[in-house]
Amino acid sequence: MSDTSVLVEDDEEIGRRRRPPWEEQPTKVGLTAKGVILGIALLAILFPLWIVVVTSLSDAETISRAGGLVVWPDGFSLAAYRELLSGGQVARSMVIAVGITVVGTVFSMTISVLAAYGLSRMGSLWHRPLLMTLLATMFFGGAGLIPSYLLIQTLGLMNSYAALILPMAVNVFNILVLRAFFMNVGQEIVDSARIDGAGEFRILWGIVLPLSRAVLAVISLFYAVGYWSNWFNGFIYIQDQEKLPLQNVLQQIVIEGERPAGMAQVIGTGQIPSLAVQTAVMVLALLPVAVLSPFVQRHFKKGMLIGAVKG
Amino acid sequence: MSNSTVSRAATEPDPEPERPPVRGRVPRPRSRSRRRGDPRLRGGVTFRHRLRRDRFLILMTLPCIAALLVFAYIPIAGNVIAFQYFSPYAGDGFFESMANSAWVGLEQFDRMINDSYFWDALQNTLVFSALQLVFFFPVPIALAILINSILHSKVRAWAQAVLYLPHFFSWVLVITVFQQILGGAGLVAQSLRDNGWDDGFDLMTDPGFFKFLITFQVIWKDAGWGIIVFLAALSTINQELYESAAVDGAGRWRRIWHITLPALRPVIALLLVLQVGNMLTVGMEQFMIQRTAVGPGAAEVLDTYVWNTGIQNGQFSYAAAIGIVKGVFSLLLVLAANRVAHAMGEQGVYKRS
């Protein structure tokens, strides 16, 4: 592949950057303008998250004194979290969401890695027709909501956790990214392993996968975020309130303003869940992705570029 | 089936070492059998040999192919119900019902042409798409150039980490965040109240503002993520170009105009083509979730209309017809946009053959 030379890891590239001698020194106005624009962009993302987190950690008195959302932390209280996680619907929906995410990601990665490796050798038998079978879905997909719904019904998956996993188990784009990486693994190592008598599964497990850790992390994150963040499948396929995953419960509590079932009346007295509860559910929904994605972040560019070039 | 193959592999010596594998496009030898057109011979290796050599590779792709057949190809084929009066009660399950439902030709499409709600949904969809094209599309490009100009590595890494973050949030979460800021009980309304303006500020339920709200949400969520592909393109620019331009007296802005932007051109063209191809698809979850707040008049787009007529009201055939039309037009849009990209000398999604 000719485009491998550009696939520099982000931090290496940053480390090498210096202001070249021919470049003008930055003007004060320019620097300030740059700082202001970047500052606004970062604040627009961080400030809403800040007030959500702070409000969820505030006690009832602070919230009522602020007249709503809390900007400056004052009285600290974990009451909302204790309430939510001590059982009841939010806790259950979180367990469901974690379960779906873990099972789904393992399932998706297994299928995707096998398919990506199986398609990674140009000129292997039926290579082209098999690859076309994958690619064609990218052109014709997206027009099948109604038949998909009827299919899920016919398969008896309605109201089952499988309906939250199976329809989104395979992502062709992710497979193409994996495949591009596997094709890039040094063929000399693979060839010598084959001469030593290693079979395909052995080569995949022992050589190719350990060399592709970065892309495996990125694609796993993509799949995991897909499962964790999916609201739509829960919305159309799950009817039982107790089986809903976290995103759907979050929508009911914050947007519809419904009280979560099984919650004691300690927090707030009215029908609308208190702000502390609402924001605490939001924090629970954003926590896993906010914690995980920075670790994988430095590999993003590498993965995305190959995907863009090859896909 | 897979069980037997795997156990056989465990007991039998691997056949691989005897015949080194053939990779890539091997020129076919001009053997006698080739000239006779022996169908068993491909690349000088018999079909039997290739099957034996590649059987594990084929086996590995089967789970994925099976999943795609069931959850992608069957739904695509299932769209034929658009040419029926499909009744889910006509039989036991989807396929039997389909077999028992009456065929009506293009009647559903006829109905669509005369359905004013369909045209409203289409119009809404195009308005949302156009707004995104104008307001969303340039933001990642500008942000990428800005980030790229930051030399301080720590600042750069942190800025990127923060900018990527919202992409990983679910739509529900993004909308709830907006609700907490711009909603009737949100931060803006709250500070307005504190300052004595109690005018019931609530942008989340305002149908007139909805198209801008949607656009803001898209920018908030994905503008940061969009910079990745531009940053990748920027890192490929030959630095000597900048140097020689500087020596020739080009200032900072002229260098951006004459070197940076032209270097980004292929990526911009590619993304524009894809964006145009997605004109008829605007984030479905975003609209479904906010539909009740602003009313279907403002929030109905093609995707939600399909869901509403099909799954909510049980008019499966009609909804499938809308889905087909949407899919076909999206494909045509990609092809047309790609043509334009070619005419402008860009590569687009696929190469000109």
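In what follows, chains carry the letters A, B, and so on, assigned in the order in which the sequence lines appear, proteins first and then strands, with residues in each chain numbered from 1. What you see is a predicted model; the values in this text were computed from it and never measured.
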Please state whether the side chain, the backbone, both or neither of B/Ala72 comes within less than 4.5 Å of a heavy atom of chain A. side chain

With a 4.5 angstrom heavy-atom cut-off, is it the side chain or the backbone of A/Tyr117 that approaches chain B, or both, or neither? both

Can you name the nearest heavy-atom pair linking B/Ser170 to A/Gln247, along with the distance? OG-OE1, 2.6 Å

Contacting region of B/Glu243 [heavy-atom separation from chain A under 4.5 Å]: both

B/Ile181 and A/Ile51: side chain to side chain contact (heavy atoms under 4.5 Å, CB included), yes or no, with the steps? CA-CA 9 Å; B/Ile181 304 293; A/Ile51 58 165; 3.3 Å; yes

Going by heavy atoms in the side chains, are A/Ser293 and B/Phe168 under 4.5 Å from each other? yes

Choice from A/Phe232, A/Tyr149, A/Trp22, A/Trp228 maximising heavy atom contacts with chain B below 4.5 Å: A/Trp22

For B/Leu163, is it the side chain, the backbone, both or neither that has a heavy atom under 4.5 Å from a heavy atom of chain A? both

Residue part contacting chain A, namely of B/Val334, when any heavy atom lies under 4.5 Å: neither

Let me know if A/Gln251 has heavy atoms under 4.5 Å from chain B in its side chain, its backbone, both or neither. both

Quick check on B/Met98 against chain A: is it the side chain, the backbone, both or neither that has a heavy atom closer than 4.5 Å? neither

Contact between A/Met282 and B/Gln180 at the side-chain level, heavy atoms closer than 4.5 Å - yes or no? yes

Heavy-atom cut-off 4.5 Å, strictly under: side chain, backbone, both or neither for B/Phe178 against chain A? neither

Top residue by heavy-atom pair count (under 4.5 Å) with chain B, among A/Val172, A/Leu119, A/Leu46, A/Leu166? A/Leu166

At a heavy-atom separation under 4.5 Å, does A/Val170 approach chain B through its side chain, its backbone, both, or neither? side chain

First locate atom CD1 of B/Ile81, then atom CG of A/Leu150, and finally report the distance between them rounded to the nearest 0.5 Å. 5.5 Å

Non-hydrogen atoms of B/Arg50 and A/Gly123 that approach each other most closely: NH2-O, 3.0 Å

Distance, nearest 0.5 Å, that separates CG of A/Leu134 from CG of B/Leu68: 5.0 Å

Student check: side-chain heavy atoms of A/Pro147 and B/Phe316 closer than 4.5 Å: no

Heavy-atom distances under 4.5 Å only: say whether A/Val113 touches chain B with side chain, backbone, both or neither. neither

Can you tell me if B/Trp220 uses its side chain to pair, donor with acceptor, with the backbone of A/Ala44 under 3.5 Å? yes

Name the region of B/Ile311, side chain, backbone, both or neither, that has any atom closer than 4.5 Å to a heavy atom of chain A. both

Can you confirm whether A/Leu204 sits close enough to B/Phe56 that some side-chain heavy atom of one is under 4.5 Å from a side-chain heavy atom of the other? no

Steps toward side chain to side chain contact (heavy atoms under 4.5 Å, CB included) verdict (B/Phe169, A/Leu49): CA-CA 11 Å; B/Phe169 295 160; A/Leu49 301 182; 3.9 Å; yes

Close side-chain approach of A/Phe201 and B/Met60, heavy atoms under 4.5 Å: yes

Given a strict heavy-atom distance threshold of 4.5 Å, which part of A/Leu292 is in contact with chain B: side chain, backbone, both, or neither? neither

Is the number of heavy atoms from other residues, nucleotides or ligands within 6.0 Å of CZ (B/Arg255) greater than 12? yes

Contact part of B/Leu173 toward chain A, heavy-atom cut-off under 4.5 Å: side chain, backbone, both or neither? both

Taking every heavy-atom pair that is under 4.5 Å apart, which of B/Ala223, B/Gly310, B/Ala246, B/Ala159 has the most such pairs with chain A? B/Ala159

Check against side chain to side chain contact (heavy atoms under 4.5 Å, CB included), B/Tyr73 and A/Thr133: CA-CA 9 Å; B/Tyr73 280 96; A/Thr133 313; 3.8 Å; yes

Test log, rule side chain to side chain contact (heavy atoms under 4.5 Å, CB included), inputs A/Leu38 and B/Ile147: CA-CA 8 Å; A/Leu38 193 65; B/Ile147 292 276; 4.0 Å; yes

Main-chain N/O of A/Glu24 paired with B/Arg252 side-chain donor or acceptor, under 3.5 Å: yes

Could you tell me whether B/Trp307 and A/Phe235 have their ring centroids closer than 6.0 angstrom? yes

Which atoms of B/Leu51 approach chain A - backbone, side chain, both or neither, heavy atom under 4.5 Å: both

Determine whether A/His127 and B/Asp54 make a side-chain contact, defined as any pair of heavy atoms from C-beta on separated by less than 4.5 Å. no

Distance-minimising heavy-atom pair for A/Ala290 and B/Leu165: CA-CD1, 3.8 Å

Side chain, backbone, both or neither: which part of B/Thr292 has an atom under 4.5 Å from a heavy atom of chain A? side chain

Which one of A/Val289, A/Thr279, A/Thr154, A/Leu69 has the most heavy-atom pairs closer than 4.5 Å to chain B? A/Leu69

Need one label for A/Pro48: side chain, backbone, both or neither, based on atoms under 4.5 Å from any heavy atom in chain B. both

Quick one: closest heavy-atom pair of A/Trp126 and B/Ile58, and the distance? CE3-CD1, 3.5 Å

I need the residue from A/Leu114, A/Ile111, A/Leu125 with the largest number of non-hydrogen atom pairs under 4.5 Å to chain B. A/Leu125

Output the option from B/Met288, B/Gln290, B/Glu285, B/His167 having the highest count of non-hydrogen pairs under 4.5 Å with chain A. B/Glu285

